[in-house]
**Student:** 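Can you keep this structure in mind? I'll have questions shortly.
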Amino acid sequence: MNTAREPFWWRDAVIYQVYPRSWQDASGDGVGDLAGIRSRLDHLVELGVDVLWISPFYPSPMKDFGYDVSDYRGIDPLFGTLADFDALLAAVHARGLKLLMDFVPNHSSTEHPWFIESAASRQSAKRDWYLWRDAAPDGGPPNNWMSSSGGSAWQWHAPTGQYYFHQFLPEQADLNWRNPKVRQAMLAAMRFWFDKGVDGFRLDVVYHAIVDDRFRDDPQNPTFDPAVQPSFSAVVPTWSTDRPEVMPLVIEPMRQLADDCGERLLVGEIYLPPEKLVRYYGSPTSAGVQLPFNFQLVFADWRAAPLAELIRRYEALIPAGEWPNWVLGNHDQSRIASRIGTARARLAAMLLLTLRGTPTIYQGDELGMTDVDIAPGRVRDPWEKNMPGKGEGRDPMRTPMRWDARPHGGFCPDDVEPWLPMGEDVDTVNVAVQRREPGSPFALHRRLLALRRERRSLGLGDYGTIEAQGDALVFERVHGAERTLVVLNLGTSTCTPKVPATARTLCTASGGSVHPVDGRLELDADEGAVLEVPASG
Ligand code: GLC
């Protein structure tokens with residue numbers, strides 16, 4: 001990685017996401033915390049990543065496990081204290097790593113003092129800090145906007161006789177970013193952390209932060225099937241998300257602040273198709289986020305031809321001078337090993353870590369963790385409670401990290417019940433076991449991350465060819481004279497793609513050995529290889 005002083009330090013960096021409730025519990029209450037994270041930083045160094053992004057740890061009533069913030073400048077006692085945070089940041093920097101915090105601009109908790117004041121009366125000085133509207137003539141909600149957490153996006157507030165707007169839980173009220181005082185207060189909160197030395201933010205659902213100022217109804221979704229789809233699919237969120245004013249009113253001022261503080265990174269959580277997503281990079285006259293999260297691999301068709309097309313299309317859309325990024329999963333999505341199988345998840349790791357762009361690894365994916373079945377009595381996620389059986393529950397991918405083969409994987413003391421169950425395979429899928437196995441997913445991640453550091457073609461190079469040869473996805477990365485070839489068999493039988501005769505294998509997905517013979521590489525199903533191509537090859 002480049003040094004902190006150089007611009008674009010994040011381009012050849014690798015981000016690792018920690019969900020703080022589930023990484024390491026130091027206090028012994030069955031929930032992870034900041035001291036726990038500090039005690040496990042060497043895992044990140046051993047793995048070979050550069051940037052730690054931690055999901056929210058601000059004071060919160062924990063209705064959405066921290067994405068309902070009641071103080072943007074503090075630490076929830078569950079996770080520790082500001083002193084614990086300072087110690088963590090210092091320890092991160094001492095290891096040459098960077099720290100990204102999560103910032104939740106779209107909404108605050110309804111227990112935030114701002115909302116309490118706003119809800120106190122219609123005349124409150126902070127009334128306009130949130131979005132309050134009168135009822136429709138029939139007494140119902142002001143319009144048909146739906147909440148991503150289930151049901152209407154409007155909550156009736158009897159004491160003041162109006163509805164307030166919430167795109168997520170009723171306990172997460174949307175802030176009114178059109179109000180300059182809100183902008184000022186939120187930017188001041190970001191500055192508070194920048195002044196402490198935080199290296200950047202991941203911006204939670206930032207594309208939701210502005211809604212239509214005329215509150216027009218969203219169009220109905222003509223294909224909506226309430227039997228199988230969650231309630232929010234009833235409408236197409238045309239007026240309630242991805243509004244053009246989000247750039248000038250929300251993102252530009254944040255980017256200005258980040259740049260004023262000296263090359264801090266902003267990553268936007270933006271679930272949009274690539275044509276719309278790339279607008280969040282900004283334009284020559286308006287700066288956006290450096291990395292609008294590219295979630296295409298979360299929803300991809302894992303066959304060679306569609307993947308080759310997806311990569312080419314995304315690359316073609318990225319504005320000149322901007323930089324791509326890739327991610328396989330996070331705390332809201334079914335784990336990659338559950339989506340595509342544990343064998344193919346190795347290929348996915350190989351792809352993630354060899355594509356052009358900054359990758360983000362979700363905690364536990366380096367072990368090949370799968371979603372954990374959650375018994376009905378142990379459901380914690382309000383999305384599952386609000387939309388049961390619709391596949392919206394997020395507990396299965398939030399189960400704790402496994403460090404060793406102890407009953408609770410070393411995540412919390414053996415005699416303490418972790419906040420979510422550990423799952424069945426803790427004895428094999430854990431860090432201690434996989435460190436000793438040369439063929440483990442952990443060993444594969446380490447090898448790939450080491451290769452990224454050694455080879456500038458992988459970290460910063462351009463693409464040569466990107467193609468599907470039958471079931472094999474084949475692409476080349478090039479930097480100066482250095483060429484690296486990646487070949488992934490995404491089919492269900494052996495394939496023999498053409499490769500340069502002189503290519504030499506550096507790493508395989510299975511840990512086994514494969515070598516080109518007569519200009520072809522024989523790869524079993526779910527096998528992949530990274531090869532160096534000598535200059536004359
Ligand atoms: C983002 C978070 C998710 C949260 C939601 C509301 O999508 O990743 O966990 O529930 O925003 O803040």
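Owing to the predicted nature of the structure, the values given are computational and were not obtained by experimental measurement. Note: hydrogens, waters and symmetry copies are ignored here, and every other heavy atom, side chains too, is used. Counting starts at 1 for both ligands and their atoms, following the listed order.
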**Student:** Side chains of Ser334 and Asp371: any donor to acceptor distance under 3.5 Å?
**Tutor:**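 Yes, Ser334 and Asp371 have a side-chain donor paired with an acceptor closer than 3.5 Å.
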
**Student:** With sequence neighbours left out, write down each residue that passes side chain to side chain donor-acceptor pair (under 3.5 Å) with Gln184, or none if nothing qualifies.
**Tutor:**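 Expected list: none.
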
**Student:** Please enumerate all residues that pass salt bridge (charged side-chain N to carboxylate O under 4.0 Å, His left out) together with Arg73, with sequence neighbours excluded.
**Tutor:** none

**Student:** In order of chain and number, which residues sit within 4.0 Å of ligand 1 by heavy atom?
**Tutor:**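 Heavy-atom contacts below 4.0 Å: Asp64, Tyr67, His107, Phe168, Gln172, Arg202, Asp204, Val205, Glu269, His331, Asp332, Trp383, Arg394, Arg398.
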
**Student:** Partners of Arg452 by side chain to side chain donor-acceptor pair (under 3.5 Å), sequence neighbours excluded?
**Tutor:** none

**Student:** What I want to check is whether the side chains of Ser124 and Trp129 have a donor and an acceptor closer together than 3.5 Å.
**Tutor:** no

**Student:** Return yes if a side-chain donor-acceptor contact under 3.5 Å exists between Glu252 and Ser286, otherwise no.
**Tutor:**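 On atom types as modelled, these side chains qualify, holding a pair under 3.5 Å.
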
